[in-house]
Amino acid sequence: MTGAFDTHSHIQDPQLLANFDGIIDRARAAGLEGIAVLGYDPSSNQLALELAARSPLLFPAVGFHPHEADHVTPGMLAELESLARLPEVVAVGEIGLDAYRHHSTPANQRTLIDAQLEMALRVGKPVSVHSRSAEDAIAVHLGPYAEKARAAGLAIPGVMHCFGGTCEQAQQYLEMGFLISVACSVTYPKNEVTARLAQGVPLESLVIETDSPYLPPQTRRGQLNEPAHVVAAARAIAALQREPLERVLDVTTRNAGRLFRLPVGATAVGG
């Protein structure tokens, strides 16, 4: 069976870090071909790089989450750009807007996402976007960025991580060239919005993720999530789209390879 690719994890989280070797072993046993480890603040960015150096299964991304926006300084952004330029870093992220928890002001969040989008263009790497309760508002930022990325030759400008919006909202990001990521939360019986999204977005525009240690699949509710469980998202998509699981794994892994420009699956869908 084709291996899966977890496009968004935080296995540097203290809840998971203590069992790092076990997590990698279980991911390999589950047949994973890759795991993106996303940073969200200075320490988690550094840990993402350190963990990736310990396992060829891991691919680091660095960024500042919108919750950090009130605290990020120009010096921190300069250091982030230095990290983002490293050849092993596959994306700038996790970045975005969050209108749900309000840990940072909306104005500072907007300033921070714009700074990181410009950074991504300078380093020539895609972005992983957090848009909680901001699925419409963030389009103002991502639209111009996507146009510039396309002009610069970046085939896929980024991925809408754990997208929580409607199919109609997703469509505007698909038209910009973004991929849509489906997390294991698609398995929750009451999560009708994500189920409709997973059913309605073409498979060629989907990737899968765990967002570990959060959002475990329904069969593991109340437990920590980890990359080995990402196949649960693929299985749900397969059921909703009435596709074989093998095809869902094949296409989403190829999509991850195109997104991060990695030799997994194939370099392009159908290629």
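For the single chain, residues carry numbers from 1 onward in sequence order.
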Participant: Answer with yes or no whether the hydrophobic clustering places Ile237 together with Met160; edges join I, L, V, M, F, W, Y residues whose side-chain heavy atoms lie under 4.5 Å apart.
Facilitator: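 In one cluster with Ile237: Met160, yes.
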
Participant: Apply side chain to side chain donor-acceptor pair (under 3.5 Å) to Asn255 and Thr252, showing your working.
Facilitator: CA-CA 5 Å; Asn255 289 345; Thr252 56; over 6 Å; no

Participant: Please round to the nearest 0.5 Å and tell me the distance separating atom OG of Ser212 and atom CD1 of Ile11.
Facilitator: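 Between Ser212 OG and Ile11 CD1, I get 7.5 Å after rounding to 0.5 Å.
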
Participant: Between Gln218 and Arg221, does the side chain to side chain donor-acceptor pair (under 3.5 Å) criterion hold? Intermediate values first, please.
Facilitator: CA-CA 5 Å; Gln218 178 65 24; Arg221 292 295 289 270; 3.0 Å; yes

Participant: Where the side chain of Gln12 meets the backbone of Leu38, is there a donor-acceptor pair that is under 3.5 Å apart?
Facilitator: yes

Participant: Before giving the answer on side chain to side chain contact (heavy atoms under 4.5 Å, CB included), spell out for Phe178 and Val129 the whole-Å C-alpha distance, their side-chain angles and the decisive distance to 0.1 Å.
Facilitator: CA-CA 10 Å; Phe178 283 85; Val129 181; 4.2 Å; yes

Participant: Give a yes or no on whether Leu97 and Ile95 share a hydrophobic cluster (residues Ile, Leu, Val, Met, Phe, Trp, Tyr; joining criterion: side-chain heavy atoms under 4.5 Å apart).
Facilitator: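 Linked, Leu97 and Ile95 end up in one cluster.
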
Participant: Please round to the nearest 0.5 Å and tell me the distance separating atom CD of Glu33 and atom OG1 of Thr253.
Facilitator: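 These two atoms lie 5.5 Å from each other.
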
Participant: Compare every heavy atom of Glu209 with every heavy atom of Ala233, then report the nearest pair and how far apart it is.
Facilitator: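 Smallest heavy-atom distance, with atoms named: CB-O, 4.5 Å.
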
Participant: Should Leu121 and Tyr145 be marked as a side chain to side chain contact (heavy atoms under 4.5 Å, CB included) after you check the CA-CA gap, both sets of side-chain angles, and the distance that decides it?
Facilitator: CA-CA 8 Å; Leu121 291 170; Tyr145 158 76; 3.7 Å; yes

Participant: Looking only at atom types and distance, does a side-chain atom of Asp6 sit under 3.5 Å from a main-chain N or O of Val230, one as donor and one as acceptor?
Facilitator: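 Such a contact is absent between Asp6 side chain and Val230 backbone.
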
Participant: Output yes when Asp114 and Arg110 qualify as a salt bridge under the 4.0 Å nitrogen-oxygen rule, no when they do not.
Facilitator: no

Participant: Less than 4.5 Å apart, any side-chain heavy atom of Val92 and any of Val62?
Facilitator: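 No; the side chains remain at least 4.5 Å from each other.
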
Participant: Closest heavy-atom contact between Val186 and Ala198?
Facilitator: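 Scanning both residues completely, I find the closest heavy atoms to be CG2-CB, 3.9 Å.
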
Participant: Looking only at heavy atoms, what is the nearest atom pair of Gln109 and Asp98, with distance?
Facilitator: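 The answer is OE1-N, 2.6 Å.
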
Participant: Ser181 versus Thr7: any side-chain heavy-atom pair under 4.5 Å?
Facilitator: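 Sidechains of Thr7 and Ser181: in contact.
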
Participant: Just how far is it from atom NE2 of His71 to atom CG of Leu112, taken to the nearest 0.5 Å?
Facilitator: 11.0 Å

Participant: Counting N and O atoms only, with roles assigned by atom type, does the side chain of Ser133 sit under 3.5 Å from a partner on the main chain of Tyr100, one being a donor and the other an acceptor?
Facilitator: no

Participant: Does some side-chain heavy atom of Arg28 sit less than 4.5 Å from a side-chain heavy atom of Ser55?
Facilitator: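 A side-chain contact under 4.5 Å exists here.
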
Participant: If you round to the nearest 0.5 Å, how far is CD of Glu243 from CG of Leu203?
Facilitator: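 The CD atom of Glu243 is 6.0 Å from CG of Leu203, to the nearest 0.5 Å.
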
Participant: Check the hydrophobic clustering (I, L, V, M, F, W, Y; side-chain heavy atoms under 4.5 Å; chains of links allowed) and say if Leu197 and Leu215 are grouped together.
Facilitator: no

Participant: Check the pair Asn108 / Thr111 against side chain to side chain donor-acceptor pair (under 3.5 Å), numbers first and verdict last.
Facilitator: CA-CA 5 Å; Asn108 285 342; Thr111 297; 5.1 Å; no

Participant: Report yes if some heavy atom in the side chain of Lys148 is under 4.5 Å from a heavy atom in the side chain of Glu118; otherwise report no.
Facilitator: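 Side-chain contact under 4.5 Å: yes.
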
Participant: With clusters defined by side-chain heavy atoms of hydrophobic residues (ILVMFWY) lying less than 4.5 Å apart, directly or transitively, does Ile113 cluster with Val123?
Facilitator: yes

Participant: With a 4.5 Å heavy-atom cut-off, do Pro216 and Tyr188 have their side chains touching?
Facilitator: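 Contact flag for Pro216/Tyr188 side chains = yes.
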
Participant: Find out if a path of hydrophobic residues (ILVMFWY) with successive side-chain heavy-atom gaps under 4.5 Å connects Leu206 to Ile35.
Facilitator: yes

Participant: Hey, does the side chain of Asp211 reach the backbone of His8 with a donor-acceptor pair shorter than 3.5 angstrom?
Facilitator: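 A pair under 3.5 Å: no.
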
Participant: Does NZ or CZ of Arg132 lie under 6.0 Å from the centre of the six-membered ring of Phe163, at an angle within 45° of the ring axis?
Facilitator: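 That pair does not qualify as a cation-pi contact.
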
Participant: I need the minimum non-hydrogen distance between Val37 and Ala48, along with the two atoms involved.
Facilitator: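 Scanning both residues, the minimum pair turns out to be O-CB, 3.7 Å.
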
Participant: With rounding to the nearest 0.5 angstrom, report the CZ to CG distance, Phe20 to Leu51.
Facilitator: 5.0 Å

Participant: Step by step, would you call Phe59 with Val89 a side chain to side chain contact (heavy atoms under 4.5 Å, CB included)?
Facilitator: CA-CA 7 Å; Phe59 300 95; Val89 170; over 6 Å; no

Participant: Would you find a donor on one side and an acceptor on the other, under 3.5 Å apart, between the side chain of Ser131 and the backbone of Ala134?
Facilitator: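 No, the answer is negative, given that no donor and acceptor are paired below the 3.5 Å cut-off.
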
Participant: Yes or no on side chain to side chain contact (heavy atoms under 4.5 Å, CB included) for Gln172 and Asp136, after CA distance, side-chain angles and deciding distance?
Facilitator: CA-CA 9 Å; Gln172 64 183 323; Asp136 287 329; 3.5 Å; yes

Participant: Given 3.5 Å as the limit, does a donor-acceptor pair link the side chain of Ser44 with the main chain of Asp41, or not?
Facilitator: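 Between the backbone of Asp41 and the side chain of Ser44 there is a qualifying donor-acceptor contact (under 3.5 Å).
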
Participant: If you look at every heavy atom in Asp70 and Thr105, which pair is closest and at what distance?
Facilitator: OD1-N, 3.0 Å

Participant: For a 4.5 angstrom cut-off between non-hydrogen side-chain atoms, does Leu179 reach Tyr173?
Facilitator: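 With C-beta onward as the side chain, the pair stays apart.
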
Participant: Ignoring hydrogens and angles, tell me if any N or O in the side chain of Gln169 forms a donor-acceptor pair with the backbone of Thr166 under 3.5 Å.
Facilitator: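 Yes, because the side chain of Gln169 sits within donor-acceptor range (under 3.5 Å) of the backbone of Thr166.
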
Participant: Among side-chain atoms of Arg101 and His67, is any donor-acceptor pair under 3.5 angstrom?
Facilitator: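 No, no side-chain donor-acceptor pair sits under 3.5 Å.
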
Participant: In Å and rounded to the nearest 0.5 Å, what is the CG to CD distance from Leu83 to Glu88?
Facilitator: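 Taking CG in Leu83 and CD in Glu88, the distance rounds to 9.0 Å.
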
Participant: Taking Ser9 for its side chain and Ala36 for its backbone only, find out whether a donor-acceptor pair lies under 3.5 Å.
Facilitator: yes

Participant: Over all heavy atoms of both residues, which pair between Ala228 and Ala30 is shortest? Give the atoms and the distance, please.
Facilitator: O-CB, 3.8 Å

Participant: Looking at Gln241 and Val201, would you say the former's side chain and the latter's main chain have a donor-acceptor pair under 3.5 Å?
Facilitator: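 Such a contact is found between Gln241 side chain and Val201 backbone.
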
Participant: Quick one, Ile23 and Pro227 - any side-chain contact, counting heavy atoms below 4.5 Å?
Facilitator: yes

Participant: Kindly indicate whether the side chain of His10, heavy atoms from C-beta on, has any atom under 4.5 Å from the side chain of Pro213.
Facilitator: yes

Participant: Is Arg247 paired with Glu204 through a side-chain N to carboxylate O contact shorter than 4.0 Å?
Facilitator: yes

Participant: Is the shortest side-chain N to carboxylate O distance from Asp21 to Arg54 below 4.0 Å?
Facilitator: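 Counted as a salt bridge, because a side-chain N and a carboxylate O are separated by less than 4.0 Å.
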
Participant: Of the options Met119, Arg261, Arg85, which is the one that meets Lys125 in a side chain to side chain contact (heavy atoms under 4.5 Å, CB included)?
Facilitator: Arg261

